[in-house]
Amino acid sequence: MGRESGGRPSEARDRLLGTATRIFYAEGIHSVGIDRIVAEARVTRATLYRHFPGKEDLILAYLDEVDRAMRAQVDDAVAHGLPAADTIRAIGESIAQGIRSPDFRGCAFLNAAAEYPDPDHPVHKAVIAHRQWFLDTVTELLARIRKTPAELAARHFVMLRDGAMASGCLFDPELVCETFLRGVDGLLEAHAEAGRRGPAPA
């Protein structure tokens with residue numbers, strides 16, 4: 001949270017970031033200008049530039065907010081101390097809950113990557129960092145069920161999630177979520193079964 005002099009929380013910064021987050025997610029990043037954000041946040045341009053030197057800084061702060069929210073969802077699922085498979089199911093349920101929400105507009109990070117395809121751009125790098133964290137987290141959970149090939153199964157989970165996020169904007173969210181969660185169950189069953197069978201013979 002931004003702070004004014006004296007250490008007080010900055011309401012203006014919070015309004016700016018909240019406004020930008022809402023509009024960027026709903027309408028895209030490139031299509032939204034600074035003037036609109038300033039007007040809807042009810043601040044001056046000088047106030048905006050005091051907290052965010054440029055639009056890119058505001059975009060990165062927006063993605064950081066989304067990243068924090070998603071990490072909190074995952075941390076909540078992990079904090080229950082359930083077996084790894086049930087924790088992954090809980091993460092899947094939280095993803096499905098987001099898809100079912102009336103203001104769902106897909107994955108904020110995939111949307112940002114589509115607008116910033118240059119791999120050297122700071123926005124694109126923020127997207128990759130977030131996705132690497134998510135992949136690493138799921139890999140670690142799956143490794144508790146069966147260590148090898150946990151990363152391959154985790155990439156499968158991420159692809160199921162990405163497909164559900166894209167489909168949730170186009171088709172019946174309930175059907176999409178049902179298909180996604182069944183896919184997660186199938187992935188977990190296959191991963192566990194492979195562990196029970198042991199390594200393939202040489």
Side-chain angles (χ1 to χ4, degrees), residues 1-2 13-14 16-32 37 51-80 84 87-101 103-144 149-170 173 176-177 180-181 183-184 187:
M1 178 183 293
R13 185 185 187 280
D14 289 345
L16 279 164
L17 185 53
T19 300
T21 296
R22 172 175 55 81
I23 303 175
F24 285 159
Y25 182 64
E27 301 180 23
I29 297 173
H30 286 319
S31 64
V32 179
I37 294 171
H51 295 291
F52 304 101
K55 184 179 178 181
E56 182 180 296
D57 300 277
L58 185 57
I59 296 165
L60 292 172
Y62 150 62
L63 291 176
D64 185 61
E65 284 292 297
V66 180
D67 175 75
R68 289 171 183 270
M70 294 188 68
R71 287 174 187 256
Q73 288 179 349
V74 172
D75 288 346
D76 182 65
V78 172
H80 285 81
T87 299
I88 290 174
R89 289 188 180 95
I91 293 171
E93 288 287 355
S94 71
I95 292 168
Q97 184 177 358
I99 293 172
R100 293 187 185 106
S101 64
D103 58 349
F104 178 71
R105 297 295 183 273
C107 172
F109 289 92
L110 291 178
N111 294 346
E115 294 197 63
Y116 292 87
D118 180 358
D120 293 325
H121 195 284
V123 171
H124 193 95
K125 288 182 177 179
V127 171
I128 297 301
H130 168 81
R131 290 179 64 81
Q132 188 63 53
W133 158 77
F134 188 69
L135 175 64
D136 291 344
T137 300
V138 176
T139 300
E140 180 181 345
L141 288 168
L142 286 167
R144 298 178 191 175
E151 184 175 346
L152 181 62
R155 290 186 182 281
H156 189 173
F157 181 92
V158 172
M159 290 179 69
L160 287 171
R161 178 254 184 204
D162 289 349
M165 285 282 194
S167 298
C169 298
L170 301 171
V176 168
C177 290
F180 166 62
L181 294 174
V184 171
L187 171 63

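Put simply, the side chain of Asp67 reaches to within 4.5 Å of the side chain of Phe109, judged on heavy atoms. A 4.5 Å side-chain heavy-atom check between His124 and Asp118 finds every atom pair outside the cut-off. Side-chain contact between Leu110 and Arg131 is present, with heavy atoms from C-beta onward closer than 4.5 Å. You'll find the side chain of Ile91 reaches within 4.5 Å of the side chain of Leu141, heavy atoms only. Side-chain contact between Leu58 and Phe24 is present, with at least one heavy-atom pair separated by less than 4.5 Å. Side-chain contact between Glu65 and Leu17 is present, with at least one heavy-atom pair separated by less than 4.5 Å.
Judged by distance alone, the side chain of His80 and the main-chain N or O of Asp76 form a donor-acceptor pair under 3.5 Å. Under a 3.5 Å cut-off, the side chain of Glu115 and the backbone N or O of His30 do form a donor-acceptor pair. Between the side chain of Ser167 and the main chain of Ala164, no donor-acceptor pair closer than 3.5 Å is present.
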Item to complete: Begin from the C-alpha positions of Ile95 and Met165 and carry the test side-chain contact (heavy atoms from CB on, under 4.5 Å) through to its verdict.
Response: CA-CA 8 Å; Ile95 292 168; Met165 285 282 194; 4.2 Å; yes
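Between the CD1 atom in Ile128 and the CG atom in Leu135 there is a gap of 11.0 Å [rounded to 0.5 Å]. Going from atom CZ of Arg155 over to atom CG of Leu142 covers 12.5 Å, rounded to the nearest 0.5 Å. To the nearest 0.5 Å, the span separating OG1 on Thr137 from CE on Met70 amounts to 10.0 Å. Atom-to-atom distance recorded for Tyr62:OH and Leu16:CG is 16.0 Å, nearest 0.5 angstrom. To the nearest 0.5 angstrom, Leu152 atom CG is 9.5 Å from Thr139 atom OG1.
For the residue pair Arg105 and Ala26, the shortest heavy atom distance occurs at CG-CA, 4.1 Å. Residues Lys125 and Pro119 approach most closely at CG-O, 3.6 Å, considering heavy atoms. When all heavy atoms of Pro173 and Gly168 are compared, the pair lying nearest together is CG-O, 4.3 Å. The two residues Ile29 and Ala112 come nearest to each other via the heavy atoms CD1-CB, 4.1 Å. Taking each heavy atom of Val66 and Ala108 in turn, the nearest pair found is CG1-CB, 4.0 Å. Annotation for Leu60 and Ala126: closest pair CD2-CB, 4.0 Å, computed over non-hydrogen atoms.
The aromatic rings of His121 and Tyr116 are tilted relative to each other, their planes meeting at an angle between 30° and 60°. Classified by interplanar angle (parallel below 30°, tilted 30° to 60°, perpendicular above 60°), the ring pair His130/Trp133 is tilted.
Look at Arg89 and Glu93 and you find no salt bridge, because none of the NZ, NE, NH1 or NH2 atoms lies under 4.0 Å from a carboxylate O.
Other residues, nucleotides and ligands place no more than 12 heavy atoms under 6.0 Å from the CD atom of Gln97.
One side chain, Gln132 or Asp136, offers a donor N or O that lies under 3.5 Å from an acceptor on the other.
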